[in-house]
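Accompanying notes for the structure given below.
Values below: every heavy atom of this structure, side chains too, minus hydrogens, waters and symmetry copies. Note that the structure is a prediction, hence the values are computed from the model and not measured. Note on naming: letters A, B, ... go to the chains in the order of the sequence lines (proteins, then strands), and numbering restarts at 1 for each one.
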Number of protein chains: 2
Amino acid sequence: MVRVIPSTAKHAHRDSHDLTERLRAAGLRPTRQRIALAGLLFDQGDRHLTAEDLHSEAARAGVKVSLATIYNTLHQFTESGMLKQVAVDAHRSYFDTNTGSHQHFYCEDDGALIDIPGEAIAVSGLPMPPKGMDVERVDVVVRIRKR
Amino acid sequence: MVRVIPSTAKHAHRDSHDLTERLRAAGLRPTRQRIALAGLLFDQGDRHLTAEDLHSEAARAGVKVSLATIYNTLHQFTESGMLKQVAVDAHRSYFDTNTGSHQHFYCEDDGALIDIPGEAIAVSGLPMPPKGMDVERVDVVVRIRKR
DNA sequence: CTCTTATTTAGAATGCTTCTAATCTGATTG
DNA sequence: CAATCAGATTAGAAGCATTCTAAATAAGAG
Ligand SMILES: [Mn+2]
Ligand SMILES: [Mn+2]
Ligand SMILES: [Zn+2]
Ligand SMILES: [Zn+2]
């Protein structure tokens, strides 16, 4: 039995409206699939997840989306700055909903990523990049293991 | 026409002897394949290369080694501390012959890796790792692009 | 509503890596 | 210097994440 709580319903409606605007602003048509995926991605704080993660999460939420669309969407969101891609492991490719400047703990045992606030960390002594090259960003990965 | 220069020949001999000892020390049988690959890897300074890189380099050098052996060897060398694996890109997996503590420039355009000496860089303000976890290493990747 | 074009999709294809099971080789022993 | 045997190599199959293809579908404009 499903009970609809008015305030929640209103909130959900506002969310999907916001998401629609956000997609339009990024030059992306607010399709059923993109709205649903954006909801899963951005309605619960900072997250790190793989394409497969998002795909099964969508399935669990009753949203039917093909894996091809998952990949298309993750890449489009990344291009438009709504997501950031994190490279910590040769085999897993993570997408990060926290697009601000920050760094990560990476747990080699279970593949978990934990944010380190950008203000916390400072990298000093960086040499100049080679001639004709610009620094795009500096990534710090602190690899950790269970003791 | 190939001219054999005595001192080089002697040197090559010493090398293969050294490599044999090094493999034995790592608990690895000094097989024809491992000696040849170790030669390619360690006889020309610091290098960053993929399995495919090493495979074609071996072919070019006239050493017949299967791709399976390339992978086995790279992993064994990594486990025994003769190589370090570098994760900078979800698609390419690099092995680094420089096992000392150091960091990298990563060129997003062509996938090139450039060493940054460990002494040059300092990372400050690292928070404590979560309870029960140890820091294994801290990797800094400076992502650069052609201007 | 109609039309145009973007988007989605299933399934095939790709590329890198790992696995399998058969063969071979290095090292030890008699 | 054989015989032996565990460890190493191999070709090819399998696996897995990701990308591609071409056909079907849905969004937005008029
Ligand atoms: Mn909300
Ligand atoms: Mn030498
Ligand atoms: Zn993050
Ligand atoms: Zn290096």
Quick check: on DNA chain D, is the nucleotide nearest Gly27(B) upstream (toward 5') of the one nearest Leu67(B), or the reverse? Name the residue that is more 5'. Gly27(B)
Closest contact, heavy atoms only, Phe77(A) versus Arg34(A): CZ-O, 4.0 Å
Side-chain ion pair, Arg145(B) and Asp134(A), N-O less than 4.0 Å: no
Would you jot down, in residue-number order, the residues of residues 53-66 of chain A having a non-hydrogen atom under 4.0 Å from DNA chain C? Lys64(A), Val65(A), Ser66(A)
Group every Ile, Leu, Val, Met, Phe, Trp and Tyr by side-chain heavy-atom contacts under 4.5 Å, then state whether Leu37(B) and Phe42(B) land in the same group. yes
Parallel, tilted or perpendicular: rings of His104(B) and His48(B) (30°, 60°): perpendicular
Is it true that Ile144(A) and Leu126(B) fall in one hydrophobic cluster, defined by side-chain heavy atoms closer than 4.5 Å? yes
Check every nucleotide of DNA chain C for an atom under 4.0 Å from a heavy-atom of chain B, then give the first and the last such nucleotide from 5' to 3'. dC16(C) to dA27(C)
Flag, side chain of Arg143(B) to backbone of Val88(B), donor-acceptor distance under 3.5 Å: yes
Taking the side chain from Asp96(B) and the backbone from Asn98(B), do they hold a donor-acceptor pair closer than 3.5 Å? yes
Expected list for residues 69-84 of chain B near DNA chain C, using heavy atoms below 4.0 Å, is Tyr71(B), His75(B)
Looking at Val140(A), is its backbone amide N or carbonyl O close enough to the side chain of Gln103(A) to form a donor-acceptor pair, meaning the two atoms are under 3.5 Å apart? yes
Could you work out, with side-chain contact (heavy atoms from CB on, under 4.5 Å) as the rule, every residue matching Thr50(B), not counting sequence neighbours? Glu52(B), Asp53(B), Tyr94(B)
Please report, rounded to the nearest Å, how far the P atom of dC16(D) is from the CZ atom of Arg92(A). 14 Å
Assert: residue with more 5' nearest nucleotide on DNA chain C, out of Leu28(A) and Ala68(B), is Leu28(A)
For Arg34(B), answer base if it contacts any base atom (sugar-phosphate contacts may also be present), sugar-phosphate if it contacts only those atoms, and nothing otherwise; contact means non-hydrogen atoms under 4.0 Å. sugar-phosphate
N/O donor-acceptor pair under 3.5 Å between Arg137(A) side chain and Ser101(A) backbone: no
Nucleotide-resolved protein contact map, nucleotides 22-30 of chain D, B/S/- at heavy-atom distance under 4.0 Å: -----BS--
Just jot down the side-chain contact (heavy atoms from CB on, under 4.5 Å) partners of Ala51(A), sequence neighbours excluded, or say none. Ile70(A), Tyr71(A), Leu74(A)
Cluster link Leu54(B) to Leu83(B), ILVMFWY, side chain under 4.5 Å: yes
Can you name the closest pair of heavy atoms from Thr99(B) and Gly81(B) and give their distance? CG2-O, 3.4 Å
Hey, does Ser93(B) reach any base, or is it just sugar-phosphate, or nothing, if we go heavy atoms under 4.0 Å? sugar-phosphate
